[in-house]
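Since the model is a prediction, treat every value here as computed from it, not as a measurement. We count ligands from 1, going down the list as the structure has it; atoms in each ligand are counted the same way.
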Amino acid sequence: MAEAFGGGDDGLVLIQMVNFYPPCPQPELALGFAPHTDLCALTVLVANGVPGLQVSMDGLWYDVEHVPGALIVNVGDQIEIFSNGRYRSVLHRATVSREKTRMSWPVFVEPRREYLVAPHPRLVAGEIPAKYDYKAKTFENYRYCRINKLPQ
Ligand SMILES: O=C(O)CCC(=O)C(=O)O
Ligand SMILES: [Fe+2]
């Protein structure tokens with residue numbers, strides 16, 4: 001993966017985050033994390049066992065079951081683009097609990113900032129044209145547009 005996203009041992013950047021969701025008296029009126037896809041390549045996440053992570057499929061939300069000791073791995077935007085749409089960046093969100101504090105610890109696996117966001121040339125075959133064309137956009141620029149809610 002490091003080779004695919006820029007090459008060499010330092011081809012990837014790992015970013016550790018901590019999410020803290022305090023209890024909410026009216027959880028049906030709130031969300032811990034609004035629906036989004038992760039802009040990175042891959043997310044590896046552990047949570048404290050309080051349910052909350054949901055993934056979207058065919059317009060419905062599904063709870064992600066907590067399996068003690070298991071890691072949750074999400075495909076992010078960069079793998080979707082790199083694979084020319086063969087893998088999909090998962091739409092997900094986090095709900096909150098009425099009684100319990102929920103915590104999660106994602107590690108975002110990212111390309112380096114100068115990486116050019118594009119499908120791999122070998123995955124753009126004649127019958128499958130490039131689904132993504134960001135005109136030599138760097139990952140740093142992609143991230144900037146996403147965080148500032150600008151069009152890619
Ligand atoms: O708390 C969770 O389970 C999800 C967190 C999340 O989606 C994120 O940090 O990007
Ligand atoms: Fe996320």
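Of the possible donor and acceptor atoms, none in the side chain of Asn141 sits under 3.5 Å from a partner among the backbone N and O of Lys137. Panel note: side chain Asp38, backbone Cys40; no donor-acceptor pair is recorded below 3.5 Å.
Across every non-hydrogen atom of Glu114 and Thr138, the tightest pair is O-CG2, 4.0 Å. The two residues Pro151 and Cys145 make their nearest non-hydrogen contact at O-SG, 3.9 Å.
The protein residues lying under 4.0 angstrom from ligand 1, judged by non-hydrogen atoms, are Asn19, Tyr21, Phe33, His36, Asp38, Leu45, Leu53, His92, Arg102, Ser104, Pro106, Phe108.
Screening Tyr132, Phe82, Tyr87 for a ring pair (Phe, Tyr, Trp, His ring centres under 6.0 Å) involving His120 leaves a single residue, Phe82.
Using a 4.5 Å cut-off on side-chain heavy atoms (C-beta onward), Tyr142 and Asp77 make contact.
Nearest N, O or S atom of Asp38 to the Fe ion (ligand 2): atom OD1.
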